[in-house]
Amino acid sequence: EPEVTQTPSHQVTQMGQEVILRCVPISNHLYFYWYRQILGQKVEFLVSFYNNEISEKSEIFDDQFSVERPDGSNFTLKIRSTKLEDSAMYFCASFPPGQDEKLFFGSGTQLSVL
Amino acid sequence: KQEVTQIPAALSVPEGENLVLNCSFTDSAIYNLQWFRQDPGKGLTSLLLIQSSQREQTSGRLNASLDKSSGRSTLYIAASQPGDSATYLCASGTSYGKLTFGQGTILTVHP
């Protein structure tokens, strides 16, 4: 079965630094997502991306966050100036065309902000 | 705005017991309902997906049901095993793939 690939699996950064989380969605999928899960909390929706633009974003997704699909294959989440509270597991996901489909998740990037 | 709630928050059972995990959602106009398993520090493993037109789905020892009118879904695990120990998440889905997750139920099956 095709997979969504996320790199790196773990990222440690200093507070205030920029970090880029990378994802390679499944090639024929149309919608792309970032979710995050703070330790012990719910998996939360951050942003969805469709037709090369943001289609929906949550209140969490403020000006510190941005997403790009620079080359038609990679899908990145950038955090400009990381805060301690950005420490979480970040999941990328993609959704195929057609009916009765499901979201495919990557294995996640664990971000630790020190 | 869709809200998803799961009870109980944690459950501990002896091996071999049948068990039920509960999920409720506030907006009955869901497109689908999905159950996931999550092991500590790991990603999300999809277990079962129920479309809004379906009442239940089965996979091995797992059976998930959906009652849109009451805003509820249940995950039934038969003959539980220690390897079933994990956090189980339910999520309400839209037609374009966006999911709203519950808090999860932490299941421990002891030998």
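By convention in this document, chain letters (A, B, ...) are assigned in the order of the sequence lines, proteins followed by strands, and residues within each chain are numbered from 1.
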Gln6(A) portion near chain B, given a 4.5 angstrom heavy-atom threshold: neither
Contact leader toward chain A among Thr100(B), Leu89(B), Leu49(B), Ile106(B), where contacts are heavy-atom pairs under 4.5 Å: Leu49(B)
Geometric class of the Phe36(B)/Phe101(B) ring pair [parallel <30°, tilted 30-60°, perpendicular >60°]: tilted
From CG (Leu107(B)) to CG (Leu19(B)), nearest 0.5 Å: 5.5 Å
Phe105(A) ring center within less than 6.0 Å of Tyr35(A) ring center: yes
Verify same cluster id: Phe25(B), Leu48(B) (apolar side-chain graph, 4.5 Å): yes
Per-residue contact mode, Ser48(A) against chain B (heavy atom under 4.5 angstrom): neither
Any Glu101(A) side-chain heavy atom under 4.5 Å of Phe95(A) side chain: yes
Proximity breakdown for Gln103(B) and chain A, heavy-atom pairs closer than 4.5 Å: both
Contact leader toward chain A among Gly93(B), Gly104(B), Gly102(B), where contacts are heavy-atom pairs under 4.5 Å: Gly102(B)
Interchain contact, Ser95(B) with chain A, by part (heavy-atom threshold 4.5 Å): backbone
